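What follows is a single structure, written as structure tokens, with notes after it.
Here is how names work: the chains are called A, B, and so on, in the same order as the sequence lines, proteins then strands, and each is numbered from 1. Given the structure is predicted, the values throughout are model-derived calculations rather than measurements. What's counted below: heavy atoms across the whole structure, side chains too, no hydrogens, waters or symmetry copies.
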Number of protein chains: 2
Amino acid sequence: MEKDTKNIILAAAKEVFTKKGFAGARMQEIADQAGINKGLLHYYFKSKNALFNAVFFEIFDAVSPELNDILSAKDTDVLTKIGQFVDRYMEVLLKNPFFISHVVCELNRDPNRLISSMLKGGKIPNPVPFLVQLQQEAQEGKIKETDPFQLMISIVSLCAFPFVGRPVMELILDMETQDFLELMERRKDWIKQFVQDGLRP
Amino acid sequence: MEKDTKNIILAAAKEVFTKKGFAGARMQEIADQAGINKGLLHYYFKSKNALFNAVFFEIFDAVSPELNDILSAKDTDVLTKIGQFVDRYMEVLLKNPFFISHVVCELNRDPNRLISSMLKGGKIPNPVPFLVQLQQEAQEGKIKETDPFQLMISIVSLCAFPFVGRPVMELILDMETQDFLELMERRKDWIKQFVQDGLRP
DNA sequence: GTCTATATCGGGATAGAC
DNA sequence: GTCTATCCCGATATAGAC
């Protein structure tokens, strides 16, 4: 069962890396979680680093091109694109609610490890077409004039930050993780409405 | 020079923890950064854990009550409060641009360590007065009706996320850290304007 | 208070039996 | 392919001289 074991390992690694971060994760714990032993981990992945990269790119490769396509589409106005982007991005975040904080964490710790791999894969999102379109539609008076960089950053922030700040939120707002996920489910529509309101001319 | 050495250590620790995270940080590197040796670290702080907590609370204790006061003030309307909050919060973030990602990272890794200490200090921010006020002013028609939770989360997200997502942003938008900080400086006013626009009735 | 030297241990990685 | 046993480095923490 080579393929199964490998996938079991990947799933276990995803969970442990997510909870503990790269440096905090233990190969032993990943092995336990997968129901195997450390030796076998190194049989499938030659190092902790290789295992981490495998986990990361499994998600990244699936999501990045799709989001890129949404923002680069022709013949779709920006408000529609923003709606599609928020829907899809939040969907991914909800499906992997603990992973993004891990990625953020690793990027801050050792930006080169992930970033050089991302560059190698050549699948870096390209926001330029979307930024240009924002300016165009603003000049046409379809939306309020605003700094496109700041807006792009804000859309991602509104979606992603709650997931990285989840432990604090759960503390301050006194809620369980289940409540948090429901709040995020409702948040999709809230963000779309809020951005749309903010862009009214 | 006991006091000086202690502060030098705290500053060095802040920098190294910030760059590497708790698990990734090395006591040796902190000692090097401070221009002393490992033994002396343990003279002032009995463990790595104690050192980390000291660094965290130096910042947290200074900022948390102040932000709390802004949001709880009487006789100030919500839009003004939001402006003050954004200004002050962004100021702190700009002053410690690498620290929040570290805190987020640690909270996700081991929520209990920091959270139990925060509870012990008794200085947890209390958003309830602000949330109530949001609903009141919405009913009075001063601002658009909206989910107060979602709005509160969004204000914090708009300020904080760029700092945790900085490495990715610098990659995608192809900028240096200096450019990033200037972008954040301008962002203060942008956020205030955007939230205000989004809350127009 | 500050240093050097060292005890101790945890964890990534490897060797080799089955 | 999967397991056990072990190597060995690196990092926290301590002991003790100055």
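Following rounding to the nearest Å, D32(B) (CG) and dC3(C) (P) show an atom-to-atom distance of 12 Å. Note: CD1 (I36(B)) to P (dC3(C)) measures 7 Å, nearest angstrom. Computed from coordinates, the E29(A) CD to dG10(C) P distance equals 15 Å when rounded to whole Å. Whole-Å rounding puts the I9(A) CD1 to dT2(D) C1' distance at 11 Å. Distance L40(A) CG to dA5(D) C1': 16 Å, rounded to the nearest Å.
Annotation: cation-pi pair K48(B)/F17(B) absent, no NZ/CZ under 6.0 Å from the ring centroid and within 45° of its normal.
In terms of the ring pair (Phe, Tyr, Trp, His ring centres under 6.0 Å) criterion, F130(B) has no residue partners (sequence neighbours excluded). Considering only residues two or more places apart in sequence or on other chains, Y89(A) meets the ring pair (Phe, Tyr, Trp, His ring centres under 6.0 Å) condition with F85(A).
A distance of 8.0 Å separates OG in S157(B) from CD1 in I191(A), rounded to the nearest 0.5 Å.
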Treating primed atoms plus P, OP1 and OP2 as sugar-phosphate and everything else as base, which nucleotides of nucleotides 10-17 of chain D get B, S or - for protein heavy atoms under 4.0 Å? -SBBB---

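OP1 or OP2 of dT2(C) sits under 4.0 Å from a side-chain N or O of T5(B). At dT2(D), none of the side-chain N or O atoms of N37(A) fall inside 4.0 Å of OP1 or OP2 (strictly under the cut-off).
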Stepwise ring pair (Phe, Tyr, Trp, His ring centres under 6.0 Å) test for F194(B) and F194(A): CA-CA 10 Å; F194(B) 185 69; F194(A) 185 69; 5.7 Å; yes

Using side chain to side chain donor-acceptor pair (under 3.5 Å), reason through Q133(B) and E137(B) one step at a time and then give a plain yes or no. CA-CA 6 Å; Q133(B) 189 181 357; E137(B) 293 198 17; 3.2 Å; yes

